[in-house]
Amino acid sequence: MKWRVIPLETHDAYKNMSIDEAVLRAIADEKAQSTIRFYRWKPSAVSIGTFQSMRKEVNVDRCRELGVDVIRRITGGGAVYHDFEGEITYSILGPMGMFPRGVRESYRLVCGWIISGLEQLGIKAAFAPINDIIVGGKKISGNAQTRRQGVLLQHGTILYNTDPRTMFNVLNVSSEKISDKMIKSAEERVTSVSSHSDASMQQLYEALLYGFTKDKEFEFGNLSGDEQSSARELEGSVYRTDAWNFSR
Amino acid sequence: MDGFAEQKVPEGKLVGVRLRYGKTIEKVLITGDFFAYPENAVYRIETALEGMPSNSKAGAIAERIAEVVKVEGAELIGVTPEAIADTILKAMTE
């Protein structure tokens, strides 16, 4: 079985999440190969977990002022600020039979590929169940998974550098609380590739590409025409709608 | 009446409950950064709790939730039926 790898690309939040679901559906219909994709978010965006409340987690007004998109994912987990300059996101999609049955074990497997990529940059990272990767006790990557129609989708972010001030601006923390103390506390809990390596964003991508494809048969590819139209349809009918994004 | 409560599940994630209730639980929305496979199980849990007497004990609510989880063949990660039940009771008292 050959994996399809879609090289690093940049889209807005709505397109990024629509593509993930379109590929999931295509794999479920046996019309697409198992897929690894890498992407960035432009404009920067906040994504929330599928069960989270948008208004509670996100300062929606501030996001609008700053031109930051807001979107609900189909995966659980927490709110993430996807800074265009600050991270690389990946998605991995394949029939569930390709992955360990246990949720924790399947996280461990895919997170292992990220850890292997970071190792290329001389960064020693470790899996921190349920769904994080840490370096020196601090989170460098958050990951989330869904399993539907017989397909497993895991996506996650690898932090390249952090901007805690903007993060606190867009996530729902009142401005009085954005004290230096709080930003320091974020710095104490979160780290990024740039704190451990001089690698460029491109080098981080290449290292991740290595980690994800090592020991796999793969070919570079793009979305099929069907996947592109399915993504367009999902974008309009789901991911751009308040009915979806503000459903909780 | 409307109620809301949120708590961190020990060794787990954050779970919140927003609800409308009178003598019975009328509407429940479960929020948080936990995981559920399949996700639909959470929506089924919400529906299954509607109509339960508001003075139900935590054990009875947790049992109803566990029943749905079992029927759906679902797995909750980072949250438990007991934690959701406990949060529901808190939402009705806070």
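Every chain is numbered from 1, with letters handed out A, B, ... down the list of sequences.
- Within 6.0 Å of NZ in B/Lys27 there are 12 or fewer heavy atoms belonging to other residues, nucleotides or ligands.
- With contacts defined as side-chain heavy-atom distances shorter than 4.5 Å, the pair B/Phe35/A/Asn131 qualifies.
- Taking CD from B/Glu6 and NZ from A/Lys56, the interatomic distance works out to 3.5 Å, rounded to the nearest 0.5 Å.
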I would like to know whether B/Glu39 and A/Arg148 meet side chain to side chain contact (heavy atoms under 4.5 Å, CB included); could you show each step before the answer?
CA-CA 9 Å; B/Glu39 287 82 2; A/Arg148 49 184 81 190; 3.1 Å; yes
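- For A/Ile48, no part lies under 4.5 angstrom from a heavy atom of chain B.
- Proximity to chain A is limited to the side chain of B/Glu46, based on heavy atoms less than 4.5 angstrom apart.
- Using a 4.5 Å heavy-atom cut-off against chain B, the contacting residues of residues 98-106 of chain A are A/Val103, A/Arg104.
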Just do the side chain to side chain contact (heavy atoms under 4.5 Å, CB included) check on B/Thr31 and A/Met54 with the steps written out, would you?
CA-CA 10 Å; B/Thr31 60; A/Met54 180 65 83; over 6 Å; no
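- A salt bridge does not link A/Arg147 with B/Glu75: none of the charged nitrogens is closer than 4.0 Å to a carboxylate oxygen.
- Between B/Lys13 and A/Ile130 the shortest side-chain heavy-atom distance falls below 4.5 Å.
- Between B/Tyr37 and A/Gln145, the closest side-chain pair of non-hydrogen atoms falls below 4.5 Å.
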Could you walk me through whether A/Phe51 and B/Ile30 pass the side chain to side chain contact (heavy atoms under 4.5 Å, CB included) test, one step at a time?
CA-CA 7 Å; A/Phe51 303 120; B/Ile30 302 167; over 6 Å; no
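- When the shell of 6.0 Å around CD of A/Gln149 is examined, it contains more than 12 heavy atoms from other residues, nucleotides or ligands.
- Heavy atoms closer than 4.5 Å to chain B are found nowhere in A/Ala79, neither backbone nor side chain.
- Between the CG atom in B/Leu29 and the CZ atom in A/Arg248 there is a gap of 4.5 Å [rounded to 0.5 Å].
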